[in-house]
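Within every chain, numbering begins at 1; the chains are lettered A, B, ... in the order of the sequence lines, protein sequences first and strands thereafter. Keep in mind the model is a prediction, meaning the values are calculated, not measured.
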There are 2 protein chains.
Amino acid sequence: MNDYDPAAFPPFAVTVDLVVLTIRDDVLHTLNVRRGEEPFRGRDALPGGFVRPDEDLPDAAARELREETGLRRVPGHLEQLATYGSPGRDPRMRVVSVAYLALAPDLPDPRGGGDAAAASWVPVADALRPGRLAFDHRRILADGLERARAKLEYSPLATAFCPPVFTIGELRRVYEIVWSADLDPRNFHRKVTGTPGFLVETGERTTRGGGRPAQLYRRGDATLLNPLLLRP
Amino acid sequence: MNDYDPAAFPPFAVTVDLVVLTIRDDVLHTLNVRRGEEPFRGRDALPGGFVRPDEDLPDAAARELREETGLRRVPGHLEQLATYGSPGRDPRMRVVSVAYLALAPDLPDPRGGGDAAAASWVPVADALRPGRLAFDHRRILADGLERARAKLEYSPLATAFCPPVFTIGELRRVYEIVWSADLDPRNFHRKVTGTPGFLVETGERTTRGGGRPAQLYRRGDATLLNPLLLRP
DNA sequence: CCAATAGTGTCTTTCAGACACTATATA
DNA sequence: TATATAGTGTCTGAAAGACACTATTGG
């Protein structure tokens with residue numbers, strides 16, 4: 001069973017689907033598209049589409065993300081999540097879908113090319129309601145959300161939700177929103193400033209918040225947090 | 001770009017590939033098959049094969065594992081690893097391969113059905129030598145190995161390498177071999193016996209080792225270790 | 001006896017979490 | 001002034017790692 005037989009192989013359609021997460025107005029949102037055709041006409045779905053014959057999988061995911069957001073370069077983070085291929089997951093044919101997880105800072109409203117007119121940001125809690133998403137996309141979204149939550153513990157990925165320069169209070173709000181948990185601002189400050197490579201001081205301060213002006217930081221070059229920032 | 005077009009989609013071959021890890025004679029081994037055909041004739045490869053038209057992905061992985069080991073039920077653990085689909089990864093055609101990671105206790109030598117005659121256990125260090133594995137299988141094996149190493153930290157997965165009943169010394173040897181690190185036997189003992197749900201006492205003792213007889217344990221029902229067992 | 005492995009106790013350092021307190025802005 | 005957020009210091013308890021010590025087998 002090891003060798004491929006180029007003459008006769010069962011044909012599959014291969015697509016990429018995207019779990020895109022961002023934070024708008026202190027609420028975690030995901031990017032959905034409204035389906036205009038059967039099956040699941042009128043329901044929402046994750047953005048995605050066919051992989052082209054000569055296109056690499058990450059390229060296909062990045063292309064779909066650009067098309068749906070209307071941005072030429074989408075800032076943030078993109079990684080493979082998992083692959084879903086149950087025989088019945090698309091009633092029309094056998095589709096194997098490679099899901100990608102994208103984290104982005106607050107983006108403008110979806111606009112522009114392709115079917116992006118039907119795209120919109122939806123609070124994750126709404127998108128997760130049973131029956132809201134088409135196909136098995138609710139499960140894919142749940143898996144992506146759990147992956148994001150877990151990675152905040154051991155990677156500096158929370159900065160993917162932030163603009164290039166941010167305060168520690170803004171970073172903390174990312175953790176609180178993604179984890180749905182309150183964190184002690186003082187302990188959080190001590191922890192993230194003490195983790196080597198996580199943050200780089202810019203020397204600038206801001207006063208966009210209410211009280212005392214805060215230091216501004218940029219993302220550091222660490223890829224793994226040590227010590228870990230565990231969920232409460 | 002969201003909707004699938006059932007009439008015209010680019011056809012892909014979809015396969016599963018397996019990173020099977022086990023411990024034999026205190027060395028981490030992986031299951032390889034010798035290729036009998038071009039391309040890469042005579043080189044080793046990960047076991048794998050086509051997904052059947054009506055077969056779920058995990059079922060395909062489990063089936064390949066059974067076929068290659070010759071066992072009707074393979075004990076241990078099986079999980080999806082990642083999906084590899086670069087356009088050039090198979091010179092003959094476009095193949096998207098869903099890789100699975102399997103961890104198993106020491107199994108008999110590969111025997112039996114299908115192409116399993118060409119299957120063998122290879123020390124991981126050998127299999128990872130550049131040029132040894134066909135296609136991009138070296139990368140897949142490296143990814144699987146790293147996944148296994150990481151999961152030992154936060155899951156009770158090390159027990160998948162052990163027989164149903166085992167001593168703490170045997171469990172520690174699993175950690176030491178997978179991590180290529182020495183662990184303090186006394187601290188290790190205190191840590192694993194103090195982690196709720198990790199181990200269940202059987203009340204039995206054994207004397208298979210040299211010195212003082214050891215308690216025998218079974219795997220507990222924890223799915224996550226708390227506190228974590230971090231690599232040194 | 002010695003060698004080998006199992007298992008317990010104890011000490012030091014590090015880190016998480018709770019929280020008092022100070023600093024600096026706006027209203 | 002009050003209020004809000006930023007940031008520091010300090011305490012307590014949990015856990016990691018180093019390692020002394022005891023326990024129980026076989027040779």
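- Near DNA chain D, meaning a heavy atom under 4.0 Å away, the residues from residues 167-179 of chain A are G169(A), R172(A).
- Out of dG7(C), dG17(C), dG7(D), the shortest distance to the side chain of R212(B) is found at dG7(C).
- R173(B) contributes atom CZ, which lies 12.0 Å from atom CD1 of I168(B) (distance to the nearest 0.5 angstrom).
- Listed in residue order, the members of residues 219-232 of chain B having a heavy atom less than 4.0 Å from DNA chain D are L228(B).
- For the pair L199(A)/L171(A), a side-chain contact is recorded, criterion being any heavy-atom separation below 4.5 Å from C-beta on.
- In this structure a side-chain-to-backbone donor-acceptor pair under 3.5 Å is present from R205(A) to P213(A).
- At distances below 3.5 Å, not a single donor-acceptor pair connects side-chain atoms of Y100(B) with backbone N or O atoms of L78(B).
- The distance between atom CZ of F188(A) and atom C1' of dA16(C), rounded to the nearest whole Å, is 14 Å.
- The side-chain hydrogen bond (donor to acceptor under 3.5 Å, both in side chains) search around E153(A) returns R231(A), not counting sequence neighbours.
- Taking every heavy atom of residues 194-204 of chain A and every atom of DNA chain C, no pair lies under 4.0 Å.
- At dA6(C), none of the side-chain N or O atoms of H189(B) fall inside 4.0 Å of OP1 or OP2 (strictly under the cut-off).
- Contact of the V122(A) side chain with the R132(A) side chain is registered, since non-hydrogen atoms from C-beta on lie closer than 4.5 Å.
- The side-chain hydrogen bond (donor to acceptor under 3.5 Å, both in side chains) check on D106(A) picks up R24(A), with sequence neighbours excluded.
- Separating the NZ atom of K191(B) from the C1' atom of dT8(C) is a distance of 17 Å, rounded to the nearest angstrom.
- Looking only at atom types and distance, the side chain of D17(A) has no donor-acceptor partner in the side chain of Y84(A) under 3.5 Å away.
- By the 4.5 Å heavy-atom criterion applied to side chains, L28(A) and L145(A) are counted as neighbours.
- In this structure, the side chain of Q80(B) engages the main chain of T83(A) through a donor-acceptor pair within 3.5 Å.
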Quiz prompt | side chain to side chain contact (heavy atoms under 4.5 Å, CB included) between V165(B) and E204(B), worked out | solution = CA-CA 10 Å; V165(B) 159; E204(B) 308 289 311; over 6 Å; no
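- One interatomic measurement links the two molecules: CG of D184(A) to C1' of dA6(D), which rounds to 13 Å at whole-angstrom precision.
- Side chain of T195(B) to backbone of N226(B): no donor-acceptor contact under 3.5 angstrom is found.
- The separation between L183(B) atom CG and dT5(C) atom C1' is 16 Å, rounded to whole Å.
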N/O contacts under 3.5 Å, protein versus nucleotides 9-11 of chain C?
none

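- Checking side-chain atoms of R149(A) against main-chain N and O of W179(A) turns up no donor-acceptor pair under 3.5 Å.
- One interatomic measurement links the two molecules: CD of Q215(A) to C1' of dT24(C), which rounds to 13 Å at whole-angstrom precision.
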